[in-house]
Amino acid sequence: MIQTPAELYAKLISDFDLPEHILCDLHKPCNKSNGHRCRSVIAYPIIDFDEVKMKYQRGKSGNPKSSVDGFTFKNQLCCFVELKGWADFLTFHTNPDTLQAEIEEQADKYDLNKKLMDSLSICREVSENADIFKDASIAFILVTDIDVDEDGTMEFYSDLMDLAETSSDWELICNRELKDKLLSLPSDISTYYIKCQNFDEAISKL
């Protein structure tokens, strides 16, 4: 019976014939076909959970499941990873009169709780162990491609709303809207909000 994060990771690779990736490969603007944007490419291995979901659902009836972008582990910690890029969005949305509303509308499309719950459900079925997460800790790592708080925590700026009304730094609004989505997750899930370039460092500290 599959019981540990390492065993689950290995079973997903085996059952669905998956290659290991790095985080950059799961972000379309940064994957190999488009060329990695960063000088220093991160290295921690991760599997494409969207591919897990696609292969898992093949031939199954019923409503399609949602999924996180990636899955990895650190010791006894199962790490579910979701990437939400803002850099390209801010490049193509430049009207200051409508940008805040466009950012909020984009963030409203993200249902992180469903992504995580459906991903957990897939893992339980694949592992054939309904209690696979009973003793394993779960981390939900939300990754973006713009600058975030230096410590990567869920701490909010108390004056963020006032700042957003007067500042041209739209990244602050993007961060606020995206961080707010983490509040939809169960309270017993450890959540992290980081910039993609800090992924390896963040994993090392878990």
Side-chain angles (χ1 to χ4, degrees), residues 1-32 42-85 106-145 154 178-194 196 199-200 202-203 206:
M1 178 183 293
I2 301 299
Q3 295 180 316
T4 69
E7 290 172 344
L8 175 59
Y9 185 84
K11 180 152 180 75
L12 291 170
I13 289 176
S14 174
D15 282 12
F16 298 108
D17 190 24
L18 301 175
E20 288 186 299
H21 293 278
I22 57 172
L23 184 72
C24 310
D25 296 334
L26 305 188
H27 187 40
K28 290 182 180 178
C30 297
N31 62 25
K32 293 177 181 178
I42 56 182
Y44 200 87
I46 189 170
I47 58 176
D48 184 342
F49 206 85
D50 282 331
E51 189 173 358
V52 170
K53 176 198 68 175
M54 179 187 68
K55 291 183 175 181
Y56 164 83
Q57 289 186 156
R58 190 171 293 158
K60 286 184 169 62
S61 58
N63 294 328
K65 289 185 179 293
S66 184
S67 66
V68 296
D69 291 315
F71 175 79
T72 189
F73 71 97
K74 172 71 179 298
N75 298 326
Q76 295 303 307
L77 186 66
C78 292
C79 303
F80 293 85
V81 181
E82 182 69 14
L83 294 97
K84 295 300 181 190
Q106 182 69 17
D108 282 343
K109 298 176 183 178
Y110 303 147
D111 189 343
L112 302 186
N113 187 63
K114 178 171 173 53
K115 282 177 171 287
L116 178 59
M117 293 301 107
D118 283 0
S119 298
L120 293 176
S121 175
I122 291 171
C123 288
R124 291 188 182 100
E125 292 193 36
V126 171
S127 67
E128 299 181 336
N129 181 1
D131 296 323
I132 181 68
F133 299 113
K134 182 178 181 181
D135 298 320
S137 298
I138 297 173
F140 188 95
I141 305 173
L142 182 56
V143 182
T144 189
D145 57 0
M154 279 291 296
L178 198 50
K179 285 179 179 179
D180 187 57
K181 295 302 173 183
L182 286 172
L183 299 177
S184 68
L185 300 180
S187 59
D188 60 340
I189 302 295
S190 298
T191 59
Y192 303 87
Y193 182 65
I194 64 171
C196 52
F199 183 72
D200 283 1
I203 290 287
L206 294 180

Asn129 side chain vs Gln3 backbone, donor-acceptor pair below 3.5 Å: no
Side chain to side chain, His21 and Pro19, heavy atoms closer than 4.5 Å: yes
Thr72 versus Pro45, closest heavy-atom pair with distance: OG1-O, 2.8 Å
Minimum side-chain heavy-atom gap Lys109-Gln106 below 4.5 Å: yes
Exercise: identify the closest heavy-atom pair between Ile2 and Ile132: O-CD1, 3.3 Å
Listed partners of Phe71 passing ring pair (Phe, Tyr, Trp, His ring centres under 6.0 Å), at least two apart: Phe80
Verdict with reasoning, Glu20 to Tyr44, per side-chain hydrogen bond (donor to acceptor under 3.5 Å, both in side chains): CA-CA 10 Å; Glu20 288 186 299; Tyr44 200 87; over 6 Å; no
Ile189 vs Leu182, side-chain contact (heavy atoms from CB on, under 4.5 Å): CA-CA, chis, key distance, verdict: CA-CA 10 Å; Ile189 302 295; Leu182 286 172; over 6 Å; no
Check: Cys123 main-chain N/O paired with Ser127 side-chain donor or acceptor under 3.5 Å: yes
Step-by-step side-chain contact (heavy atoms from CB on, under 4.5 Å) determination, Phe140 to Ser190: CA-CA 6 Å; Phe140 188 95; Ser190 298; over 6 Å; no
Full working for side-chain contact (heavy atoms from CB on, under 4.5 Å) between Ile141 and Val143: CA-CA 6 Å; Ile141 305 173; Val143 182; 3.9 Å; yes
Listed once per pair and sorted, the salt bridge (charged side-chain N to carboxylate O under 4.0 Å, His left out) pairs that draw on residues 118-133, sequence neighbours left out: Lys114-Asp118
Value rounded to 0.5 Å, distance of CG in Asp180 from OH in Tyr110: 13.5 Å
If you look only at distance, which donor and acceptor atoms sit under 3.5 Å apart when one is on a side chain in residues 62-70 and the other is two or more places apart or in another chain?
residue, atom, partner, partner atom, Å
Lys65, NZ, Ser121, OG, 3.4
Ser67, OG, Asp50, OD1, 2.6
Asp69, OD2, Leu83, N, 2.8

Of all pairs that satisfy salt bridge (charged side-chain N to carboxylate O under 4.0 Å, His left out), the ones with a partner from residues 5-18, not counting sequence neighbours: Lys11-Asp15
Closest approach of Pro5 to Leu77 (non-hydrogen atoms, all atoms of both residues): CG-N, 3.9 Å
Side-chain heavy atoms of Leu112 within contact of Leu116, under 4.5 Å: no
Salt bridge (charged side-chain N to carboxylate O under 4.0 Å, His left out) partners of residues 73-84, not counting sequence neighbours, each pair once: Glu82-Lys84, Glu82-Lys115
Pairwise side-chain contact, Leu23 with Cys196, heavy-atom cut-off 4.5 Å (strictly under): yes
Any Cys79 side-chain heavy atom under 4.5 Å of Leu206 side chain: yes
Heavy-atom side-chain proximity of Phe199 to Ile22 below 4.5 angstrom: no
From OG1 (Thr144) to CD1 (Ile194), nearest 0.5 Å: 10.0 Å
Pair listing, salt bridge (charged side-chain N to carboxylate O under 4.0 Å, His left out) test, anchored in residues 54-63, at least two apart: Glu51-Lys55
Working for side-chain contact (heavy atoms from CB on, under 4.5 Å), residues Phe16 and Val126: CA-CA 10 Å; Phe16 298 108; Val126 171; 3.8 Å; yes
Asp145 side chain to Gly85 backbone, donor-acceptor under 3.5 Å: no
Gap separating the OH atom of Tyr56 from the CG atom of Leu12, nearest 0.5 angstrom: 11.5 Å
Atom pair CD1/CG of Ile138 and Leu185 - distance to nearest 0.5 Å: 10.5 Å
pair Leu8-Phe73: side-chain heavy atoms closer than 4.5 Å: no
Residue pair Lys181 / Asp108, side-chain heavy-atom distance below 4.5 Å: yes
